[in-house]
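Here the structure is laid out as structure tokens; the discussion comes afterwards.
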Amino acid sequence: MASEQERAMSNRPGEPDLDAPEAPPDDSHHDEAPLDTLSPEERLFRMRHSAAHVLAEAVLELFPEGKYAIGPPIEHGFYYDFDLPRPLTPEDLERIERRMRRTIKRNVPIEGQWIPRDEAREIFADQPYKLELIDEIDDETVGYFRHAEFDDLCEGGHMERTGQVGAFTLTHVSGAYWRGDERRPMLQRVYGALFPTQEELDAHLAAREEAERRDHRRLGRELDLFSTHEEYGPGLIYWHPKGARVRLEMEDLWRHEHLEAGYELVFTPHTGRATLWEQSGHLDFYAESMYSPMDVDGSDFYMKPMNCPFHIQIYKNALRSYRELPVRLAELGTVYRYERSGTLHGMLRVRGFTQDDAHIICTPDQVEDEIVGVVELFLRVLGAFGFDEVRARLSTRPEEKYVGAVEDWDLAEASLRAALERTALEYEVDEGEGAFYGPKIDFDLVDALGRAWQCSTVQFDFNLPERFEMGYIAEDGQEHRPFMVHRALYGSIERFMGILIEHYAGALPLWLAPVQATVIPIADRHVEYAGTVRDALAARRLRVEVDAGGDRMGAKIRKAQLQKVPYMLVVGDREAEGHAVSLRHRALGDLGPTPLAEAVDRVARERDERSPDPEAEQEA
RNA sequence: GCCGGUGUAGCUCAGAGGUAGAGCAGCUGUUUCGUAAACAGCAGGUCGAGGGUUCGAAUCCCCCCGCCGGCUCCA
């Protein structure tokens, strides 16, 4: 199970179809489909592509000795990579952008043609990156585009004139290796955002700001949920009391659902002797992601990057009969993985995290029902967290490098498909994208901002049962190899928490909220009654606090609102007298006077039903 | 790891060779207040670490460490 912890930002770029026109060999003019026949996506793709050319032109005007590499359209805009004599500054970006706007205003035609490779080699004689690209092109002609004085090697997909590129802004500059290869030169990449209209661009920029506002690192600090202490270990999370309350709710639900679904819970060690990792193959294939070994009594011990080898030991501790299968072993197992320092990101990409890991070991004819059970469990629990939109991706057997028998792969893939069909989940298929040891389904959940996060995964493993010689005695009295499935629902508790924080912008649903209600006495003489109110809520196991400080009521309300506490119970003379509270909800505002018992019932019911907030918290 | 940026009070930030500042938070006091910020006072810092230049360094130089944005998108 190599990829529970996926890329921090796993939003998959909506790779537009390049749809390169075939080169008419006898016609040097580079024909492109007329603009008015294009879908909006293709049009946008062309706008972004053309803007990249305009960008390159502007940069090369400022740095005539600069080299340019590649500049494709991307999800929200475009970029272009350059090799320049000095690093670009924010002021440079402004100058570049001004020049780009000039070119766009001049509205010059963008023209393409096919030219012989030799001619291209002459044109780009002092452009090493272009020459490298030309050498890799198989045809005898290559695409060549120009507008005004600027020319570029390019297979096409452009607007007709520079005035047609839409609304854009340059966003940032960063380093990027030539061809994504860290052994090759580091280039400077200039990014731009581009949309057909200013309104759409503004909406995109606003969405970026919103995402920044929801950043779990910032909310985690403001809401006192967690911290990191870089000087004592980058990528390691410290859960504060309030964050731990949320985690406990996540874990309680998880344990309850897993016991209900027939899993057995286990605990396994955090470290094991090198021999275990040799047998599992991790030291051969996964060593670069493992913490360095520690010496214990003269042999090497490794922190575990995965739980599977331990669960396998539990399975193998007895001779297993087919009557015992399926065996489902589940653990909230904390693992440590060495992630490169530059990739660490808050709770979303860390070096120590708790996997909600389970291994199902079963016979071939149990496989399908087991997988269906897993998918149903996933959807039920993800739904409880408010993730109703889930996308699935089925990855099948790679063409070449794989272990195990083809029949077993076929059975496994069929069962994964069947589970997706039986749960009526929409899915796409990534042919040949499975791991070498088995096919899998990855689940992306979609958050309030429309971002997709890969969390859950079900993954067959034809490798470890072999390596550890797992077996069971079947009805025929012979030992057989069982099927083994890894699966994780949250993936990583840390990561899932980070996603939850961003999804809800910190306003977690009441059942998850660290503080579910704050009692606000108006004056000191109401503190005693506030205690009565608190006790009434606490008696129903609600997480409640009294704000007995010297602030005025308005300030206490503000504090509770900023802490995103779902309910505020204001108590003054009237309430103390009438055994009531004045109820306020963080999203609904003042709900007016309410008898204490009724208020308690309301809050407890919302907790028990795991209700989402009545009003759209999501919208900002 | 690499490229660029960045690191000053718990938080957000100002200070750009002459001995460290604001707002918020905290503490103390006064106020006892009806649905998103009462008022006053006090305290708070080896300016990320180490080394160097200088009469003098938060400020300039070197070297570490951390954080932030990227490093997948193939003419």
Side-chain angles (χ1 to χ4, degrees), chain A residues 7-16 18 20 48-49 52-53 68-75 78-79 81 86-90 112 120 124 127 129-137 142-145 152-157 171-191 215 217-218 221-222 224 227-235 288 338-346 520-527 550-562 568-575 582-586 589-593:
Chain A
R7 301 182 53 73
M9 298 296 167
S10 71
N11 322 335
R12 305 170 74 74
E15 289 163 55
L18 217 165
R48 289 170 173 168
H49 196 180
H53 279 227
Y68 56 140
I70 58 169
I74 53 173
E75 192 180 3
F78 57 92
Y79 70 75
D81 286 344
R86 65 167 175 85
L88 292 170
T89 63
F124 297 104
Q127 289 294 339
Y129 302 102
K130 297 296 177 191
L131 289 176
E132 182 174 330
L133 293 167
I134 291 169
D135 284 340
E136 287 174 18
I137 296 170
V142 302
Y144 173 73
F145 269 75
D152 199 354
L153 179 74
C154 178
E155 74 180 331
T171 54
H172 59 288
V173 149
S174 77
Y177 298 105
W178 169 231
R179 321 213 91 174
D181 184 341
E182 55 193 279
R183 290 161 306 197
R184 319 251 353 225
M186 174 69 74
L187 307 176
Q188 295 192 65
R189 176 169 296 177
V190 179
Y191 284 93
D215 191 310
R217 294 166 296 183
R218 170 191 170 144
R221 184 178 60 238
E222 288 174 1
D224 198 17
S227 59
T228 54
H229 299 266
E230 291 75 22
E231 62 275 40
Y232 304 125
E288 75 284 358
Y338 176 76
E339 299 279 356
R340 297 199 300 175
S341 59
T343 64
L344 300 175
H345 183 87
I520 297 178
I522 289 176
D524 287 349
R525 64 178 179 281
H526 308 124
V527 169
D551 288 328
R552 289 157 81 149
M553 182 199 65
K556 291 180 181 177
I557 287 176
R558 181 162 192 275
K559 260 164 58 183
Q561 286 283 155
L562 290 174
M568 287 148 272
L569 291 72
V570 178
V571 296
D573 291 330
R574 298 199 290 270
E575 290 76 12
S582 179
L583 200 58
R584 180 188 167 96
H585 186 271
R586 63 183 173 193
D590 190 357
L591 300 171

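Throughout, protein chains are lettered first and strands after them, A, B, ... in sequence-line order, and every chain is numbered starting at 1. Fair warning: this is a prediction, and the values are worked out from it, not measured in the lab.
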- Query: Would you find more than 12 non-hydrogen atoms of other residues, nucleotides or ligands less than 6.0 Å from A:R86 atom CZ?
  - Reply: yes
So what does [X] touch, heavy atoms closer than 4.0 Å: a base, only the sugar-phosphate, or nothing?
X      : result
A:L187 : nothing
A:G554 : sugar-phosphate
A:E132 : nothing
A:Q561 : base
A:I137 : base
A:R525 : sugar-phosphate
A:D573 : base
A:G589 : nothing
A:R217 : sugar-phosphate

For nucleotides 5-13 of chain B, give me every protein contact, N/O to N/O, under 3.5 Å, one pair per line with atom names.
residue : atom : partner : partner atom : Å
B:U12   : OP1  : A:R221  : NH2          : 3.3

- Taken in chain and number order and not counting sequence neighbours, the residues that satisfy side-chain contact (heavy atoms from CB on, under 4.5 Å) with A:R574 are none
- Task: Can you tell me, in whole Å, how much space there is between the C1' of B:U31 and that of B:A40?
- Result: 11 Å
- Distance between the C1' atoms of B:A37 and B:A14, in whole angstroms? 23 Å
- Between A:Y191 and A:G235, the residue closer to the 5' end of RNA chain B by nearest nucleotide is A:G235
- Query: Which residue, A:V571 or A:H53, contacts RNA chain B at a nucleotide closer to its 5' end, judged by nearest heavy atom?
  - Reply: A:V571
If [N] has a Watson-Crick or G-U wobble mate with both distances under 3.5 Å, name it; if not, just say none.
N     : value
B:A20 : none
B:A40 : B:U28
B:C2  : B:G70
B:C64 : B:G48

- Item | Working for salt bridge (charged side-chain N to carboxylate O under 4.0 Å, His left out), residues A:R179 and A:D181 | CA-CA 5 Å; A:R179 321 213 91 174; A:D181 184 341; over 6 Å; no
All salt bridge (Lys or Arg N to Asp or Glu O under 4.0 Å) counterparts of [X], not counting sequence neighbours:
X      : answer
A:R189 : A:D81
A:K130 : A:D152
A:R221 : none

Is the shortest side-chain heavy-atom distance between [X] and [Y] below 4.5 Å?
X      : Y      : result
A:Y177 : A:P185 : no
A:Q561 : A:R584 : yes
A:I522 : A:V571 : no
A:R48  : A:I74  : no

Nearest listed nucleotide, side chain of [X], among [options]:
X      : options             : answer
A:V142 : B:A75, B:G1, B:A36  : B:A75
A:R340 : B:C73, B:A38, B:G1  : B:G1
A:L133 : B:G34, B:A75, B:U32 : B:A75
A:P234 : B:G66, B:C71, B:A37 : B:G66
A:I557 : B:A36, B:G34, B:C71 : B:A36
A:D524 : B:G1, B:C73, B:U32  : B:U32
A:M186 : B:C3, B:A38, B:U32  : B:C3
A:Y338 : B:G1, B:G34, B:U32  : B:G1

- Item | Contact under 4.0 Å: A:Y79 side-chain N or O vs B:U72 OP1/OP2 | no
- When you check the phosphate oxygens OP1 and OP2 of B:C67, does a side-chain N or O of A:H345 lie under 4.0 Å from one of them? no
- Base B:G1 to side chain A:E288, donor-acceptor N/O within 3.5 Å cut-off: no
- Between residues 172-180 of chain A and RNA chain B, which residues have a heavy-atom gap below 4.0 Å? A:H172, A:S174, A:G175, A:A176, A:Y177, A:R179, A:G180
- Query: Is a side-chain donor or acceptor of A:Q127 paired with a backbone partner of A:Y68 at a separation under 3.5 angstrom?
  - Reply: yes
